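These notes are about the structure you will find just below.
These numbers come from the heavy atoms of this one structure, side chains and all, not from hydrogens, waters or symmetry mates. Sequence lines set the chain letters: A, B, ... in the order given, protein chains first and strands last, and positions in each chain run from 1. Fair warning: this is a prediction, and the values are worked out from it, not measured in the lab.
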There are 2 protein chains.
Amino acid sequence: MERDQQPGGRPGRRPTLADVAAASGVSRALASIVMRGAEGAGEATRERVLETARQLGYRPDSRARLLRSSRTRLLGITFTVSEPFHGEIVESIYAAAEAAGFEVLLSAVGAQRPEARAVETLLDAGVEAALMISPSSGPADLAALARQVPVISLLSAAVPGIDAVRSDDAAGIRAAVQHLAALGHRDIAHVDGGDAVASAERRAAYEESMREAGIGECIRILHGGAHEADGIAAAGELLAGRRPTAVVAFNDRCALGILEAAWRTGLRVPDDLSVVGYDDSQLARLDHVRLTSVSQDAAGLAEAAVACAAARIRSEEPDGLVLQPALVVRSTTGTPPD
Amino acid sequence: MERDQQPGGRPGRRPTLADVAAASGVSRALASIVMRGAEGAGEATRERVLETARQLGYRPDSRARLLRSSRTRLLGITFTVSEPFHGEIVESIYAAAEAAGFEVLLSAVGAQRPEARAVETLLDAGVEAALMISPSSGPADLAALARQVPVISLLSAAVPGIDAVRSDDAAGIRAAVQHLAALGHRDIAHVDGGDAVASAERRAAYEESMREAGIGECIRILHGGAHEADGIAAAGELLAGRRPTAVVAFNDRCALGILEAAWRTGLRVPDDLSVVGYDDSQLARLDHVRLTSVSQDAAGLAEAAVACAAARIRSEEPDGLVLQPALVVRSTTGTPPD
DNA sequence: CCGATGTACTAGATCGATCTAGAACCGCAG
DNA sequence: CTGCGGTTCTAGATCGATCTAGTACATCGG
């Protein structure tokens with residue numbers, strides 16, 4: 001496979017701004033002005049330069065640009081490849097960042113690639129702020145990092161010294177419980193997130209809203225986790241004895257486990273059992289699942305996070321860090337059996 | 001949140017190599033030599049420079065480094081955030097790339113962000129090669145791209161002019177059919193991938209291996225797709241009439257749909273129905289699924305892709321572009337019912 | 001004591017862009 | 001013709017690193 005030979009340029013190299021300038025008979029500075037769309041170039045020259053740039057197939061070298069202008073306008077993101085909901089947020093961040101004039105640099109976290117390493121890559125690339133989705137590092141590490149660059153954590157509880165953009169988990173759980181109670185459910189169980197980050201808060205919110213709904217005596221909490229298998233395991237216990245009529249799960253994946261266990265046992269959802277998830281992830285929206293779920297509003301979180309980063313970069317205090325979640329009712333909740 | 005003031009450096013800016021050099025009383029060039037671990041520095045000075053670098057919290061600026069050295073050693077990757085299997089490959093690529101001395105630059109493709117745009121970001125950053133996981137661009141676009149930088153596609157059928165690293169789909173399907181035939185199955189159906197990329201090839205391989213196994217008269221192909229809902233839909237048709245004893249699905253997500261439909265209908269897997277997937281994704285490995293699946297060997301594909309990219313960068317011809325898949329037998333296949 | 005060899009180190013150019021300061025040129029009022 | 005404000009354009013410095021060429025200074029053989 002042969003690379004293009006640039007006509008008039010050095011063979012095999014991609015054309016530079018200097019090539020464009022030379023080819024159109026202007027200085028590098030003016031060519032730069034034209035390419036940036038800045039003012040200070042005549043209309044005729046502007047078009048001529050743009051035309052030759054197009055002909056040469058010129059692409060500005062982002063490394064060189066970023067190097068010179070102290071503002072890199074780069075936002076770094078760490079996310080976990082195996083978490084579907086992270087993917088959704090990443091996609092929303094792209095949109096929000098572009099709208100705000102930022103470029104996005106992704107760095108994946110995985111079994112082979114610890115978060116610390118992912119973050120280092122971002123720092124080396126010169127990001128102006130780091131958005132970390134469900135950061136797993138300890139408060140001390142995060143604080144150390146925050147001393148080098150503004151850090152915004154998403155989907156995690158607040159850590160002193162770094163901004164956390166998240167949704168109001170208590171409100172989300174309350175909406176779920178109220179929805180079920182309004183449908184007539186009383187035996188509403190909760191499968192918690194085990195030792196996952198937001199688990200304790202959601203558990204507490206569940207207890208409180210059960211009492212608010214006047215069914216505090218029906219509180220029943222099962223140990224769960226963030227993944228399908230946890231939901232299945234909890235469901236085994238849940239469906240064995242006296243069965244509740246509804247379950248609020250820690251998140252969608254956990255809820256999916258409960259659903260599958262129910263299906264396998266021959267239970268009909270929602271006729272025999274109502275299930276509510278949390279995240280409103282793609283998983284919940286799949287045609288065959290149609291899970292009622294608390295929407296974390298990936299787009300909203302992403303926008304808030306980008307806005308927060310932008311504020312920090314301008315050395316301002318950010319606000320609007322807690323978003324209100326909304327319950328999305330689909331096909332896994334209904335009135336309880338008689 | 002205050003950023004660190006660099007002792008002796010300009011306030012608020014991260015320290016540069018010049019700062020390190022000045023602070024340890026050597027020239028920038030020598031400091032560079034030490035930081036790169038190149039030879040040509042005395043032992044004593046080397047330690048002194050490293051020490052001051054550590055104290056200043058110096059981090060080399062990758063943009064500047066890459067700008068100067070014509071070799072950027074950057075591999076660009078496009079992947080789809082919502083595809084779990086892509087995530088697995090991405091993670092493996094990180095490992096393979098680092099082992100080969102490359103850095104990795106991710107660019108996500110999604111509903112809001114077309115592949116063309118994702119690729120442009122990579123080019124602007126100066127990647128030496130682009131690895132595209134399941135590229136969606138047409139042959140013409142890919143060819144145009146390949147004229148600017150070596151392009152390696154993963155998981156896609158070969159396109160003239162660009163390298164495709166993939167596994168031998170025919171062999172994978174054959175392994176699945178042979179496994180089922182060996183267990184005693186004759187009524188083995190295939191739910192295909194609809195218009196997904198590798199669908200036609202896998203469908204043909206299914207037909208051929210059925211004939212090879214002497215059960216050509218049992219060939220039965222249902223229209224499916226790459227997602228759970230497609231599996232569910234196909235299963236509706238499949239389980240309604242004369243039921244096969246085994247199904248080979250286009251991929252794991254499709255197989256999962258079939259599994260769920262089976263569970264919901266009260267069928268036991270594998271007692272009443274055996275199911276085989278394709279990809280050996282995390283999905284297949286989940287505790288509650290334990291899906292027998294054809295392993296595409298994400299790590300192997302990643303290594304081959306990186307090796308291929310490295311070869312192209314050295315202007316050599318790559319080889320080993322087709323990997324042999326392996327069947328991973330789990331809990332969804334067994335002997336047929338009497 | 002001189003020149004050769006080698007190690008430790010430095011000055012300055014360079015990568016490809018941006019940015020600053022100032023030059024060239026225009027038309028127009030005085 | 002001169003001076004002035006405004007636009008268009010250019011030369012050269014700059015960002016933070018690498019790389020080349022070459023300078024000091026030791027050591028060593030003759």
(Q) So for the helix from C:dC1-D:dG30 to C:dG30-D:dC1, with five pairs setting each end axis, what is the inter-axis angle to 10°? (A)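 The angle separating the two end axes equals 80°.
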For [X] and [N], give me the distance from atom [atom1] to atom [atom2], rounded to whole Å.
| X | N | atom1 | atom2 | answer |
| --- | --- | --- | --- | --- |
| B:I33 | D:dC19 | CD1 | P | 10 Å |
| B:E103 | D:dA17 | CD | P | 15 Å |
| A:M35 | C:dC19 | CE | P | 15 Å |
| A:L67 | C:dT14 | CG | C1' | 12 Å |
| B:L56 | D:dG16 | CG | C1' | 15 Å |
| B:E39 | C:dA8 | CD | P | 10 Å |
| B:L66 | D:dT18 | CG | P | 10 Å |
| B:R63 | D:dT18 | CZ | P | 14 Å |

Q: First locate atom OG1 of A:T72, then atom CZ of A:R63, and finally report the distance between them rounded to the nearest 0.5 Å.
A: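 If I round to the nearest 0.5 Å, the distance is 15.0 Å.
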Q.
Quick check for you: to the nearest 0.5 Å, what is the distance between B:L56 atom CG and B:R14 atom CZ?
A.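 Rounded to the nearest 0.5 Å, the CG-CZ separation comes out at 13.0 Å.
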Q: Tell me which of A:R46 and B:D61 sits closer to the 5' end of DNA chain D, going by the nucleotide each one is nearest to.
A: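 Here A:R46 is the residue nearer the 5' end.
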Q. Can you pull the salt bridge (Lys or Arg N to Asp or Glu O under 4.0 Å) pairs that have at least one residue in residues 64-73 of chain B, sequence neighbours excluded?
A.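 For residues 64-73 of chain B: B:R71-B:E128.
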**Q.** Closest to side chain of A:S69, choosing from C:dA17, C:dC19, C:dA13
**A.**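 Comparing C:dA17, C:dC19, C:dA13 against the side chain of A:S69, the answer is C:dC19.
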Q) Of all the choices, C:dC9, C:dT18, D:dA17, which nucleotide is nearest to the side chain of A:L17 once you look at every atom? A)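 Taking heavy atoms from C-beta onward, the closest nucleotide is C:dT18.
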**Q.** Heavy-atom donor-acceptor pair, B:R65 side-chain to D:dT18 base, under 3.5 Å
**A.**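 Absent.
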Q: Give B:R71 one of three labels, base, sugar-phosphate or nothing, depending on what nucleic acid heavy atoms sit under 4.0 Å from its own.
A: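 If one applies the 4.0 Å heavy-atom cut-off, B:R71 turns out to touch nothing in the nucleic acid.
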Q.
Taking any heavy-atom pair under 4.0 Å as a contact, classify A:T45: base, sugar-phosphate, or nothing.
A.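 Sugar-phosphate, no base atom in range.
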Q: Taking only the side-chain nitrogens and oxygens of A:R36, find out if one of them lies under 4.0 Å from OP1 or OP2 of C:dC19.
A: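 True: A:R36 side-chain N/O within range (under 4.0 Å) of C:dC19 OP1/OP2.
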[X]: what forms a side chain to side chain donor-acceptor pair (under 3.5 Å) with it, not counting sequence neighbours?
| X | result |
| --- | --- |
| A:R59 | B:D124 |
| B:S281 | B:D252 |
| A:E51 | A:R54, A:Q55 |

Q. Got a sec? Which of residues 20-32 of chain B come in under 4.0 Å of DNA chain C, heavy atoms?
A.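 Close to the strand are B:V26, B:S27, B:R28, B:A29, B:L30.
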(Q) Within the structure provided, determine whether A:I162 and A:M132 are in side-chain contact (heavy-atom separation under 4.5 Å). (A)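 Side chain of A:I162 against side chain of A:M132, heavy atoms only: no contact under 4.5 Å found.
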Q. Excluding sequence neighbours, so at least two apart, what forms side-chain contact (heavy atoms from CB on, under 4.5 Å) with A:R113?
A.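 Here the qualifying residues are A:S107, A:R117, A:A118, A:T121, B:Y94, B:E98.
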Would you give me the side-chain donor-acceptor pairs under 3.5 Å for residues 25-33 of chain B, sequence neighbours excluded?
residue: B:S27; atom: OG; partner: B:L30; partner atom: N; Å: 3.2
residue: B:S32; atom: OG; partner: B:R36; partner atom: NE; Å: 3.1
residue: B:S32; atom: OG; partner: B:R36; partner atom: NH2; Å: 3.0

Show me the side-chain donor-acceptor pairs of residues 296-310 of chain B shorter than 3.5 Å, one per line, residues at least two apart or across chains.
residue: B:Q296; atom: OE1; partner: B:S167; partner atom: OG; Å: 2.8
residue: B:Q296; atom: NE2; partner: B:D279; partner atom: OD1; Å: 2.9
residue: B:D297; atom: OD1; partner: B:G300; partner atom: N; Å: 3.0

